Amino acid sequence: MGAQLCPMDCEGTGVTPVVRDDIHIPTDERHSVIVPGEQLILGRFRVNTKGNDDVIGEGTSSVCRKGVNVQTGERVAIKMFKNKIQEGMGSHSVKLTKFRRQIQVLKELQEPWRDNIDPRLMHPLLAKANAADLFVRLIDYSRDVSGLPGPDPKDGVMYAVTELAEYSLKDYIKRRRERQKTLSVDVVRGMAQAIILCTAGLHAHGLVHLDLKPENLMFFEGKLKIIDLDGCVKVNSLVSIEDSSLSFSPCYCSPEWAVFLTDDADDPCMKITCGLDVWSVGMTIVELVTLDAILKPTYASFLKNGRSHRQAGFLFMEWLGDLKKVDVPSTVAELDPDLYNLLTEWILVCSPERRKTLAECLGHSIFSAPRRSVPPSVMSIGSDAIFNEERKYRRQDTSEQATLHGLLWKLNAGADANDASKWLQRDMWISTNASLCYFSQKERRRLVLLDQSEFAVATIKPFEGGAKPNAFQIEVGQDQDEKEVVILACSDAPDRKIWLEALQRLTNVMMPTMVLNAALIKELKQHKLSIKNRRMNVQELSQGLKGNFKAAHRSILWKLKSNGDSMNDDHWFERDMWIANNGSLCYYSKKEKKELVYYTGEDVARASISATPAGAAVKPHAFQVHLAPVDDLEFLPGEFAAPSAALRSEWMRALQGCGAKMR
């Protein structure tokens, strides 16, 4: 769910109440007046159901609006579940299940602590905490004819009324990032403790959130509280991948959750533990320092070649499931060595068995040590940047439609913005796959200027002082030395406003929440099947195909690990590899101690083979295997390296020959 931004600075005191000055009535009656476009729900809450002015956030199944308690004048948040059931949005029973779960959880969280809490889930600081300071307060909810949480009999809509938040932690971080204002060590520690405390409280009540992230932590009169509790699950309960009431966000979920989702079993189940949230809390705390999600660049790398967010999400989850250690940015250690220790040794530990509980984390020395200040020199934004050498070519745009199209002026790279001759007019558009494209007069074709993965790490803002008055700039990347800056200009101010809003939306579509609905489960199973088919056991496949997997060409090769850096020698692994008689590319897995098929003969037949340019890999004799897309899913190229130039030529000829034979 989105959040209401505080109209003052995010460190201000809250949201100024909106008063309808056009209605001149005594103050004590003002809240009870219903005007056109408004309605009274549950007998005491006034809400404007028309337009978007009072919308706080909207999801697939509900919309949250600002409202007023006509009896007290208190401003509230009213979550209204949508009546219309749209394709892919889940059935009414799923919505009712989530609604009742949310009401039940909100009620439970206001109750006193139980006596039999696991000692690992309780801490003296938590024992003294007030529930109203940790969790969003439930004010009222709709009930069905039997009195249970459900649709209001008057209009058939389900309502949940809670206290009104000021803004989310996501909004707070975003505003700090836009203003390039890092947080002091004291603020980071204070917020980290608050996040740990309220999530530890959830665990002490025997609940796991499963979708913790900055967006689901809100400020209520200066206090951080957890929201979106309708997806909470009881600790130690079993969940199935078929459970369509669950949702998660890839860049904040734990490695074991990723393994669960990518498990080859037909219907995998998972025992829910508090450790799932502990990892998410760690990712959120790191973001207080970096001001951006640290796994966002990795996720963005899977969006290359026009992949959808869902396809990128599947590939990202495979990568995450194999993660052995997360690289916490060095800026965390520079800001606060104690925080770095807490994160790397206690929280962001890939093995769930070694991960501490959040109650145990409250006992870390960081929260008992005296607060200290840090010189501004170490307070720098430290997100993992993924950019990228200067481009040597532009990818061709193959999209069929555009969401925005027009003529823009583009400043030549590195040119003087005050020199009007350096501005060239371009026919430009935003494609439906979220790329900024243009028509090249020189090459006479449509090219991609910036794709959606680059917008993931882009900053967009007006540009003043050049020869064109209505200009704006797009900065891609976060390392100053590797930053790419594109400066464009519009014909007038209204046109610039339209382009700025459209481009800004491209930076906000990253890492969507994934809901385990029927459509996603079906696609996930298809994706797992495609991966499974490309990692088959040679012995199993050889049954009935005697001799087909015997080596026709064999030698030692170096293989670049999945999503590895080709310039990092540690990311290359030596493999005994061969091309089988049936054209498959096979290898011996030291980890599994058996022979496996890396690419099937069909894969190789449809693949293209190319030599890696000199200097583009730490291994001098590297080459790439580009698989053909399958059902619109494009694969990252497999990268290999031979011990010599002669052997590389032999391998490339052999692979190309397999394709020629099968074609």
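Note that the coordinates shown come from a computational prediction; the quantities given were computed from them, not determined experimentally.
The closest donor-acceptor contact from the side chain of Arg120 to the backbone of Glu360 lies at 3.5 Å or more, if one exists at all. Arg44 contributes no side-chain N or O that, together with a main-chain N or O of Leu42, makes up a donor-acceptor pair within less than 3.5 Å. Counting only distance, with no hydrogens or angles, the side chain of Ser168 and the backbone of Met218 share no donor-acceptor pair below 3.5 Å. Under a 3.5 Å cut-off, the side chain of Glu163 and the backbone N or O of Arg137 do form a donor-acceptor pair. Between the side chain of Arg65 and the backbone N or O of Asp54 there is no donor-acceptor pair closer than 3.5 Å. Ser249 places no side-chain N or O within 3.5 Å of a backbone atom of Asp211 that could act as its donor or acceptor partner. In terms of modelled atom types and a separation under 3.5 Å, the side chain of Arg101 and the main chain of Leu229 share no donor-acceptor contact. At least one donor-acceptor pair under 3.5 Å links the side chain of Arg176 to the backbone N or O of Thr182. Under a 3.5 Å cut-off, the side chain of Arg189 and the backbone N or O of Phe367 do not form any donor-acceptor pair. Side chain of Asp277 to backbone of His209: a donor-acceptor contact under 3.5 angstrom is found.
The two residues Pro149 and Tyr141 make their nearest non-hydrogen contact at CG-CE1, 3.8 Å. Looking at every heavy atom in both residues, Ser142 comes nearest to Met158 through OG-CA, 3.3 Å. Residues Leu210 and Gly231 approach most closely at CD1-O, 4.1 Å, considering heavy atoms. Nearest heavy atom pair, residue Glu166 against residue Phe220, reads OE1-C, 4.3 Å. The shortest non-hydrogen separation linking Leu134 to Ala129 is CD1-CB, 4.0 Å. Here the closest non-hydrogen pair linking Trp499 and Cys490 is CD1-SG, 3.8 Å.
Rounded to the nearest 0.5 angstrom, Ser330 OG and Leu335 CG are separated by 11.5 Å. Between atom SG of residue Cys198 and atom CG of residue Leu212 there is a gap of 7.5 Å, rounded to the nearest 0.5 Å. With rounding to the nearest 0.5 Å, the separation of OG in Ser254 from CE in Met283 is 10.0 Å. From Thr284, atom OG1 reaches atom CG of Leu224 across 10.5 Å, with rounding to the nearest 0.5 Å. Rounding to the nearest 0.5 angstrom, the gap separating the CG atom in Leu109 from the CG atom in Leu207 is 6.0 Å. Distance CG/Leu358 to CD1/Ile195: 10.5 Å, rounded to 0.5 Å.
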Does Cys253 form a side-chain contact (heavy atoms from CB on, under 4.5 Å) with Leu261? I'd like the steps, not just the answer.
CA-CA 11 Å; Cys253 65; Leu261 289 175; 5.7 Å; no

Which is it for Ile285 and Val332 under the side-chain contact (heavy atoms from CB on, under 4.5 Å) test, yes or no, and what are the steps along the way?
CA-CA 10 Å; Ile285 291 174; Val332 177; over 6 Å; no

Please assess Trp257 against Met317 for the test side-chain contact (heavy atoms from CB on, under 4.5 Å), listing each intermediate value before the final yes or no.
CA-CA 9 Å; Trp257 182 262; Met317 298 304 283; 4.0 Å; yes

Go through the steps for Val286 and Val326 under the test side-chain contact (heavy atoms from CB on, under 4.5 Å), then give the verdict.
CA-CA 12 Å; Val286 172; Val326 65; over 6 Å; no

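Using a 4.5 Å heavy-atom threshold, the side chains of His203 and Thr357 count as separate. Two residues are said to be in side-chain contact when any heavy atoms from C-beta on lie closer than 4.5 Å; Phe135 and Lys225 fail this criterion. Between Phe99 and Ser62 the shortest side-chain heavy-atom distance does not fall below 4.5 Å. Between Leu342 and Asp338 there is no side-chain heavy-atom pair separated by less than 4.5 Å. The shortest distance between side-chain heavy atoms of Leu169 and Leu288 falls below 4.5 Å. A 4.5 Å side-chain heavy-atom check between Ile347 and Cys361 finds at least one atom pair inside the cut-off. Lys356 places none of its side-chain heavy atoms less than 4.5 Å from the side chain of His364. Contact annotation: the side chain of Ile272 never approaches that of Val235 to less than 4.5 Å [non-hydrogen atoms, C-beta and beyond].
Note on ring orientation: taking the six-membered ring where Trp is involved, the planes of Tyr167 and Phe219 are tilted (angle from 30° to 60°).
Under a 4.0 Å N-O distance rule, the pair Lys497/Glu501 qualifies as a salt bridge. Using a 4.0 Å cut-off between a side-chain N of Lys or Arg and a carboxylate O of Asp or Glu, Asp144 and Arg100 qualify as a salt bridge.
The cationic atom of Lys95 (NZ for Lys, CZ for Arg) does not lie both less than 6.0 Å from the six-membered ring centre of Phe81 and within 45° of the ring axis.
A donor atom on one side chain and an acceptor atom on the other are found under 3.5 Å apart for Glu287 and Tyr252.
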